Amino acid sequence: QVQLVESGGGLVQAGDSLRLSCVASGRTDSTGRVAWFRRAPGKEREFVAAVTSNGGTTYYTDSVKGRFAISRDNAKNTVYLQMNSLKPEDTGVYYCAAGSITATVPFRYTYWGPGTQVTVSS
């Protein structure tokens, strides 16, 4: 079993930055691929970014390319999401998810954190 806990969310203004963290515990050897998803109010959960097990390859949804960066520190069992130039449309609950396959759809991930709220005011 793997437990994921996100942190780093908050209320910021448009143009500000935030760094989210996702700490894994338990059987972290089974959490090779990690992704961030978000759910905006009234919308479906959507893919934001993903990183492979060694951090060598990253994936982003088009709307965050050039603004967000996903990275990981395997020694700390932590994955980060650096979010720059935040926009009001980035508002939502951000979840980290882990699994054995890198994918952009939620059902491919086995483990999920409870989420952290990000609110960007205009």
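This one's a predicted model, so the numbers in the text were calculated from it and none came from an experiment.
Using a 4.5 Å heavy-atom threshold, the side chains of Asp90 and Arg67 count as touching. Using a 4.5 Å heavy-atom threshold, the side chains of Tyr111 and Gln1 count as touching. Side-chain contact between Phe68 and Val48 is present, with heavy atoms from C-beta onward closer than 4.5 Å. Annotation: side chain of Val79 is in contact with side chain of Trp36 (closest heavy-atom distance under 4.5 Å). Residues Leu86 and Leu18 form a side-chain contact, since some pair of their non-hydrogen atoms from C-beta on lies under 4.5 Å apart. Under the 4.5 Å side-chain criterion, counting only non-hydrogen atoms from C-beta, Met83 is in contact with Leu20.
Side chains of Tyr94 and Arg38: a donor on one and an acceptor on the other come within 3.5 Å. Between Asp73 and Thr78, the side chains place no donor N or O within less than 3.5 Å of an acceptor N or O (distance only, hydrogens not considered). No hydrogens or angles considered: nothing links the side chains of Thr91 and Glu89 as a donor-acceptor pair under 3.5 Å.
Between the Arg45 side chain and the Val105 main chain, no donor and acceptor come within less than 3.5 Å of each other. Judged by distance alone, with hydrogens and angles left aside, the side-chain atoms of Glu6 form a donor-acceptor pair with the main-chain N or O of Gly115 at under 3.5 Å. Side-chain atoms of Thr116 come within 3.5 Å of backbone atoms of Gly9 as a donor-acceptor pair (strictly under, hydrogens ignored). Between the Ser121 side chain and the Val12 main chain, a donor and an acceptor come within less than 3.5 Å of each other.
Atom NZ in Lys87 sits 13.5 Å away from atom OG in Ser122 (nearest 0.5 Å). Atom OG in Ser25 sits 7.5 Å away from atom CG in Leu4 (nearest 0.5 Å).
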Verdict with supporting geometry, Tyr95 and Arg39, side-chain contact (heavy atoms from CB on, under 4.5 Å): CA-CA 8 Å; Tyr95 303 88; Arg39 176 178 285 163; 4.2 Å; yes

Pair Val34-Arg72, side-chain contact (heavy atoms from CB on, under 4.5 Å): steps then yes or no: CA-CA 9 Å; Val34 177; Arg72 65 191 300 162; 4.0 Å; yes

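Shown here for Gly99 and Tyr109, the closest heavy-atom pair between the two residues is N-CD2, 3.8 Å. Nearest heavy-atom pair across Ser53 and Arg33 is OG-NH1, 4.4 Å. Between Tyr60 and Ala49, the shortest heavy-atom contact is CD2-CB, 3.6 Å. The shortest heavy-atom contact between Ser17 and Ser85 is OG-N, 4.2 Å. Of all non-hydrogen atoms in Gln117 and Gly92, the two that sit nearest each other are NE2-O, 3.4 Å.
Using a 30° and 60° split on the angle between ring planes, Trp112 and Phe37 fall in the tilted class, from 30° to 60°.
The pair Lys65-Asp62 counts as a salt bridge, with a side-chain nitrogen and a carboxylate oxygen less than 4.0 angstrom apart.
Residues Phe47 and Tyr59 place their aromatic rings such that the two centres sit no closer than 6.0 Å.
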